[in-house]
Amino acid sequence: MRRPHLPARLPLDPYILTLLATVGLAALLPARGPAATLADGASTAAVALLFFLYGARLSTREALEGLRHWRLHLTVLAATFAVFPLLGLAARGLVPGLLTAPLYSGLLFLCLVPSTVQSSIAFTSIARGNVPAAICAGSFSSLAGIVLTPLLAAALLGGDAGSFSLDSLLKITLQLLLPFLLGQALRPRVGGFLLRHKQVLGRVDRGSILLVVYAAFSAGVVAGIWHQVSLLRLAALILVEAVLLAVMLLATWYGAARLGFGRADRIAIQFAGSKKSLAAGLPMASVLFGAHAALAVLPLMLFHQMQLMVCAVIARRHAQDPAPERAADRVADVSPAVQRPTPRAR
């Protein structure tokens with residue numbers, strides 16, 4: 001029996017370390033008084049900028065051209081916005097035994113966030129899966145999440161994420177939806193510029209998220225929310241998230257098999273349907289939770305690092321599978337306009 005091969009080094013995302021350093025800075029030097037007002041205003045502007053850039057970079061045309069593979073995309077969307085939220089609601093029974101109410105709200109919010117794009121593509125490529133499908137699935141999830149995540153948060157989190165009022169609708173529209181739509185509208189004009197300056201804009205993205213995190217955790221420190229979290233509760237949260245990730249990885253893999261998908265498609269479904277986007281979730285939390293955003297984003301930050309480490313092992317395991325792919329596993333049913341070469345053996 002062949003022993004599983006583990007990578008020599010599990011991927012520790014350097015950006016997570018930077019985020020943790022930002023949290024530490026907020027704990028030691030939180031923004032207070034006028035500085036807090038300035039940080040809050042800068043955070044609001046950063047969120048608007050982030051969603052403008054998301055809209056300007058996301059190719060809606062390519063995503064729509066992938067509709068020929070609609071069964072796969074619906075499966076990923078169902079995993080992201082139906083199965084995940086149902087599991088999050090089921091975890092309500094862990095309060096107050098394992099989780100505090102604020103930590104549970106963060107866990108449930110994690111279950112409502114859209115899937116990732118870049119890491120889903122990367123892991124699908126390593127595993128010799130359907131890369132074009134992963135591209136389209138991630139794009140669909142990002143588009144849907146702009147609307148579905150705030151709506152689901154308002155419906156399921158209630159007062160924790162603000163009541164679903166005219167004021168909350170206006171906030172979501174102005175800070176999330178309007179900048180995103182503006183970016184989509186201006187994409188034909190600014191798309192080339194964004195492509196040429198991809199690395200610089202990537203730093204803008206990450207810097208904006210760091211600003212959002214600093215403002216959120218500063219508000220949390222000033223409000224004294226960290227007295228609500230003990231090391232024991234934190235360990236319980238990590239355990240619950242590990243179980244959540246394991247359930248979703250198994251459900252997407254074996255569920256896709258029951259639905260008749262081939263190996264390459266199952267890989268894309270597993271990676272796109274089991275992960276959550278830190279880049280989209282952090283700014284959304286700052287809008288939806290306001291002063292309570294610090295505890296809301298903590299589960300998402302932990303889950304992000306966990307999913308990278310676990311999926312790296314699974315992707316390498318899939319890549320070592322010697323079984324030849326059947327014709328049903330090929331990517332022929334994805335539109336040629338979005339097909340890209342995959343690293344799988346020919």
Side-chain angles (χ1 to χ4, degrees), residues 72-117 119-120 123 137-138 140-142 144-145 147-161 229 233-259 261 266-282 284-285 288-289 295-311 313-314:
L72 185 148
H73 303 317
L74 284 181
T75 302
V76 172
L77 288 176
T80 303
F81 296 112
V83 180
F84 253 117
L86 288 174
L87 291 174
L89 289 173
R92 182 67 179 85
L94 302 177
V95 180
L98 285 178
L99 302 176
T100 63
L103 286 180
Y104 169 71
S105 295
L107 179 70
L108 182 54
F109 174 72
L110 151 71
C111 294
L112 311 180
V113 171
S115 178
T116 62
V117 179
S119 59
S120 294
F123 287 130
F140 280 135
S141 183
S142 296
V147 176
L148 288 180
T149 297
L151 292 179
L152 288 171
L156 300 180
L157 286 165
D160 293 332
V229 183
R233 295 287 191 182
L234 194 59
L237 173 63
I238 293 173
L239 175 62
V240 171
E241 291 194 337
V243 172
L244 175 65
L245 179 60
V247 168
M248 287 306 302
L249 285 168
L250 292 172
T252 49
W253 181 250
Y254 291 106
R258 290 293 299 271
L259 291 172
F261 289 101
R266 289 171 68 192
I267 289 172
I269 291 170
Q270 183 179 49
F271 289 128
S274 65
K275 292 204 295 303
K276 293 295 184 176
S277 173
L278 182 72
L282 286 178
M284 284 184 178
L288 297 171
F289 289 90
L295 285 183
V297 301
L298 181 61
L300 181 58
M301 290 170 61
L302 294 174
F303 191 84
H304 173 80
Q305 180 57 46
M306 188 184 300
Q307 70 186 9
L308 289 181
M309 297 174 69
V310 173
C311 288
V313 175
I314 293 175

Gap between atom [atom2] of [Y] and atom [atom1] of [X] - 0.5 Å precision:
X: S115; Y: F271; atom1: OG; atom2: CZ; answer: 11.5 Å
X: L94; Y: L237; atom1: CG; atom2: CG; answer: 10.5 Å
X: M309; Y: I314; atom1: CE; atom2: CD1; answer: 12.5 Å
X: L112; Y: L152; atom1: CG; atom2: CG; answer: 5.5 Å
X: E241; Y: L300; atom1: CD; atom2: CG; answer: 8.5 Å
X: S105; Y: R92; atom1: OG; atom2: CZ; answer: 8.0 Å

I'd like to know if the side chain of [X] and the backbone of [Y] have a donor-acceptor N/O pair within less than 3.5 Å.
X: Y104; Y: G88; value: yes
X: S142; Y: G138; value: yes
X: Q270; Y: L249; value: yes

Side chains of [X] and [Y] in contact at under 4.5 Å (non-hydrogen atoms):
X: F109; Y: P299; result: no
X: L72; Y: F261; result: yes
X: L110; Y: L244; result: yes
X: F123; Y: L308; result: yes
X: L234; Y: L302; result: yes

How close do [X] and [Y] get, heavy atom to heavy atom, and via which atoms?
X: M284; Y: T149; result: SD-CG2, 3.5 Å
X: A272; Y: S120; result: CA-OG, 3.6 Å
X: L108; Y: L156; result: CD2-O, 4.0 Å
X: W253; Y: R266; result: NE1-NH2, 2.8 Å
X: M248; Y: G273; result: CE-O, 3.6 Å
X: F81; Y: A144; result: CE1-CB, 3.9 Å

Flag this pair as yes if the NZ/CZ of K276 is under 6.0 angstrom from the six-membered ring centre of F303 and inside a 45 degree cone about the axis; otherwise no.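 No, cation not above the ring by the 6.0 Å, 45° rule.
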